[in-house]
Q: 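My questions all concern the structure below.
Every heavy atom of this structure was used, including side-chain atoms; hydrogens, water molecules and symmetry mates were not. Every chain is numbered from 1, with letters handed out A, B, ... down the list of sequences.
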There are 2 protein chains.
Amino acid sequence: MQNKLDKPAEGLGITAVERDTGLSKDILRVWERRYGFPLPARDHNGDRLYPPEQVDKLRLIRRLLDLGRRPSSVVTLDAGTLAAMLDSAATALAPEGDPDSATHDRLIELLRLQRSAELRIALHQLLLKHGLQRFVCDTVAPLNIRVGQAWMRGDIDVAEEHLYTEQVQNVLRSAIGAQAATDGRPRILLTTLPDELHALGLLMAEATLVPEGAVCVSLGTQTPITDICNAASSGDFDIVALSCSAAFPARSAIDGLNTLRAALPAAIELWAGGQAVQGKAARLPGVRVIADLPDALVALAEWRSAQRAAISRPRA
Amino acid sequence: MQNKLDKPAEGLGITAVERDTGLSKDILRVWERRYGFPLPARDHNGDRLYPPEQVDKLRLIRRLLDLGRRPSSVVTLDAGTLAAMLDSAATALAPEGDPDSATHDRLIELLRLQRSAELRIALHQLLLKHGLQRFVCDTVAPLNIRVGQAWMRGDIDVAEEHLYTEQVQNVLRSAIGAQAATDGRPRILLTTLPDELHALGLLMAEATLVPEGAVCVSLGTQTPITDICNAASSGDFDIVALSCSAAFPARSAIDGLNTLRAALPAAIELWAGGQAVQGKAARLPGVRVIADLPDALVALAEWRSAQRAAISRPRA
DNA sequence: TTTTGCATTTTGTCCTGGACAAATGTTGAC
DNA sequence: GTCAACATTTGTCCAGGACAAAATGCAAAA
């Protein structure tokens with residue numbers, strides 16, 4: 001029942017470190033046992049007290065883990081080496097030129113200063129200027145990468161990353177709400193596999209498809225497979241679209257998608273997008289793999305022309 | 001590394017129960033040790049496997065804890081008794097008549113069906129109809145109570161409660177964004193004490209004050225006291241307004257507020273709102289306790305007339 | 001009567017060190 | 001190159017002990 005109102009802090013408690021780094025208490029304790037790091041001081045009661053340097057290093061390690069490295073290969077390295085690894089990874093991540101680089105720099109700066117209202121207004125203006133679809137492709141998508149880089153570099157922390165997500169969601173939601181039809185075709189059920197979060201990706205897909213007259217219903221994240229099937233059948237949907245982010249293990253994604261494909265009526269198409277399924281089309285028979293947001297529009301056009309063909313030549 | 005993609009579930013694992021009930025793994029284990037409930041089955045590996053009935057009962061207990069009861073007084077009771085207690089508590093919570101009862105019923109129903117887009121649209125229409133301030137007082141505030149009741153009664157679950165918060169935030173944020181000035185007076189810094197969440201309360205306060213020409217900057221939740229002081233001084237603020245929800249221990253709130261009052265320049269007013277500080281004005285010298293949202297407008301008028309007096313009679 | 005101070009109980013969190021299975025990496029056969 | 005079998009790494013769970021913050025009850029003072 002410790003309640004640290006103000007933390008005079010020659011160190012942080014294990015709960016604070018869990019919040020700061022995203023590494024669970026169990027993880028922090030088991031690493032200490034296995035690798036000898038982190039090795040926190042103790043308060044009068046024997047509770048762990050992590051010095052700021054160790055917390056900083058844990059943050060670096062956390063970012064490298066997100067990039068796919070494994071704990072045993074990074075916990076023993078010193079902070080300088082870790083920072084160098086992150087730096088090279090960050091530059092490798094976005095080699096391609098970003099035409100609106102200056103604009104995006106300005107948005108990141110607003111985020112860094114936590115000026116949430118101004119960030120929202122700036123985003124909204126870009127939306128008005130370019131329209132919903134181009135806003136998602138040319139602004140939100142590159143910004144996601146930029147925010148990821150800034151977080152890796154330590155320029156922003158979790159709270160600011162969350163603030164970014166929230167403001168983008170606000171802007172996208174109101175835009176989608178303004179355009180939403182209730183009786184178009186196809187009807188698309190958007191969701192993710194269980195244990196997957198990644199709500200922003202779903203929203204970006206919705207923002208891309210809704211202006212084309214598709215009716216999108218988002219089932220939210222964390223939906224069990226059986227619930228997806230039930231909702232798809234009873235809601236008169238034409239397409240079920242899943243988003244599988246990189247954080248989700250690719251093998252589970254493939255298994256889950258094949259399970260879902262088998263459980264779903266053949267008349268309902270199954271689309272899958274996201275990092276976890278890229279290049280896995282061969283192992284996903286009957287699943288339309290979506291490469292990126294523009295490809296979702298291609299898939300939509302394909303569905304429509306297939307529908308037209310079926311109508312002009314019924315029961316061929 | 002258990003990853004339950006689909007849970008055939010003759011029971012839920014401890015992680016799933018933690019997510020479902022909001023009771024931490026430590027709590028679940030220590031209650032089992034102390035009170036003999038819950039007493040889950042075990043899988044082949046000795047891991048806890050909670051049968052659905054026990055999870056249901058845990059959910060009831062959780063709601064009663066939120067109402068202020070203590071674990072020892074409820075864990076031993078049977079499910080029927082718990083449900084009865086919740087029911088009487090729910091009816092006792094809102095004795096006063098709600099003039100827009102029917103409208104609010106409809107909104108709750110939309111929430112229960114997870115029709116998020118329609119909920120957002122309905123909220124937005126009410127906002128347009130009544131204006132921002134009345135919308136907050138007459139719609140959002142009673143709806144908060146209704147949602148709380150529905151959650152107690154088990155009509156809605158955590159996901160739906162979250163969805164409600166999100167949609168209300170969307171609507172309020174865009175309305176505030178549309179009205180926000182950048183150079184009015186007073187300049188108000190809105191935030192909460194560390195370890196307090198309650199973002200919706202802040203937003204409601206902002207929505208009440210912004211239409212009066214005040215400039216509100218929200219520092220977000222979880223801000224350390226020193227940071228509040230720095231931000232208040234360097235940002236040229238006239239007022240610092242804190243929100244302290246009922247979930248926050250009253251004693252900590254009083255201590256924190258007095259600390260903050262001492263640390264803050266005398267020229268900057270300190271306002272405190274929320275359940276935790278009601279009736280505690282006597283123990284908070286130099287702090288303006290805000291009773292409810294309309295009272296915030298009274299406080300604002302008082303500040304302005306005090307300012308006028310100071311200007312017409314400078315250096316009295 | 002209402003508040004204030006103190007003793008007692010309740011309660012949540014943290015601790016250690018062990019265990020195991022899922023995830024990942026590696027090797028070798030086809 | 002693909003796939004299976006094997007080895008290693010890694011996250012989560014377990015038990016049961018400990019302790020301090022929070023809540024409660026009760027006395028004395030205002």
Q: According to the side chain to side chain donor-acceptor pair (under 3.5 Å) rule, which pairs have a member within residues 67-79 of chain B, sequence neighbours left out?
A: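 Of all non-adjacent pairs touching residues 67-79 of chain B, those that pass side chain to side chain donor-acceptor pair (under 3.5 Å) are B/D78-B/T81.
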Q: In this structure, how many angstroms lie between the P atom of C/dT13 and the CG atom of B/L28, rounded?
A: 11 Å
Q: Rounding to a whole Å, what distance do you find between B/R19:CZ and D/dT12:P?
A: 14 Å
Q: What is the distance, to the nearest angstrom, from the CG atom on B/D43 to the P atom on C/dA19?
A: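 To the nearest whole Å, that distance equals 17 Å.
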Q: For D/dG11 and A/S24 - does any side-chain N or O of the residue sit under 4.0 Å from the phosphate oxygens OP1/OP2?
A: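 No, outside the criterion.
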Q: Could you give the angle between the helix axes at the two ends of the helix from C/dG5-D/dC26 to C/dC30-D/dG1, with five pairs per end, rounded to 10 degrees?
A: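 That helix gives 40° between its end axes.
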Q: I need the CD1-P distance between A/I254 and D/dT2, as an integer number of Å.
A: 13 Å
Q: Using nucleotides 24-26 of chain D, report all nitrogen or oxygen pairs with the protein that are shorter than 3.5 Å.
A:
none

Q: Can you tell me the distance, in whole Å, between the CD atom of B/E32 and the P atom of D/dG16?
A: 10 Å
Q: So which nucleotide from D/dC14, C/dT16, D/dT12 ends up closest to the side chain of B/D47?
A: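 Of the candidates, D/dC14 comes closest.
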Q: With sequence neighbours left out, what residues match B/D292 under salt bridge (Lys or Arg N to Asp or Glu O under 4.0 Å)?
A: none
Q: Between atom CD1 in A/I61 and atom P in D/dT9, what is the gap in whole Å?
A: 17 Å
Q: Would you call B/R288-B/D295 a salt bridge at under 4.0 Å N-O?
A: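 Salt bridge flag = yes for B/D295 with B/R288.
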Q: Let me spell it out: for each of B/K25 and A/S73, pick the nucleotide of DNA chain D with the closest heavy atom. Which residue's pick is nearer the 5' end?
A: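 Its nucleotide being nearer the 5' end, the pick is A/S73.
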Q: Between P on C/dC14 and CG on A/L12, what's the gap in Å once rounded to a whole number?
A: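 To the nearest whole Å, that distance equals 13 Å.
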Q: Just by modelled atom types, is the A/A83 backbone N or O under 3.5 Å from a matching donor or acceptor in the A/D87 side chain?
A: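 Not at all, since once roles are kept as given, no pair shorter than 3.5 Å links the two residues.
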Q: By nearest heavy atom, map B/R42 and A/H44 onto DNA chain D; which one lands nearer the 5' end?
A: B/R42
Q: My understanding is that only residues two or more places apart in sequence, or in another chain, count here; which of them pass side chain to side chain contact (heavy atoms under 4.5 Å, CB included) with B/E160?
A: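 B/L111, B/Q114, B/I156, B/D157.
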Q: Out of C/dC14, D/dA20, D/dG11, which has the shortest distance to the side chain of A/I27?
A: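 Side chain of A/I27 sits closest to D/dG11.
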Q: Please compare B/S72 and B/D26 by the position of their nearest nucleotide in DNA chain C and report the one closer to 5'.
A: B/S72
Q: Examine the base of C/dG17 for any acceptor or donor lying under 3.5 Å from a partner atom in the side chain of A/R29, and report the outcome as yes or no.
A: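 Result: no qualifying N/O pair found.
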Q: Whole Å only: how far is the CG atom of A/N45 from the P atom of D/dA20?
A: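 Spelled out: CG on A/N45 to P on D/dA20 is 5 Å.
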Q: For B/P285 and B/R261, which heavy atoms make the closest approach, and how far apart are they?
A: O-CG, 4.0 Å
Q: Does a nitrogen or oxygen in the side chain of B/Y35 sit under 4.0 Å from OP1 or OP2 of C/dT10?
A: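 Negative; the distance criterion is not met.
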Q: Within the 4.5 Å heavy-atom criterion, are A/M204 and A/N144 side-chain neighbours or not?
A: yes
Q: Which is true for B/R69 with a 4.0 Å heavy-atom rule: it touches a base, it touches only sugar-phosphate, or it touches nothing?
A: nothing
Q: Would one find a side-chain N or O of A/W31 under 4.0 angstrom from OP1 or OP2 of D/dG11?
A: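 True: A/W31 side-chain N/O within range (under 4.0 Å) of D/dG11 OP1/OP2.
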Q: Looking at B/E161 and B/R63, does any basic side-chain N land under 4.0 Å from a carboxylate oxygen?
A: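 No, this pair does not count.
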Q: Do B/R34 and C/dG12 have a side chain to base donor-acceptor pair shorter than 3.5 Å?
A: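 Indeed there is one.
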Q: Suppose we screen for side chain to side chain contact (heavy atoms under 4.5 Å, CB included). Which residues come up paired with A/L28, at least two apart in sequence or across chains?
A: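 Scan of A/L28 (side chain to side chain contact (heavy atoms under 4.5 Å, CB included), adjacent residues dropped) gives A/I14, A/V17, A/L23, A/P38, A/Y50, A/L58.
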Q: Taking the side chain as every heavy atom from C-beta outward, state whether A/L264 and A/C229 have any pair of such atoms under 4.5 Å apart.
A: yes
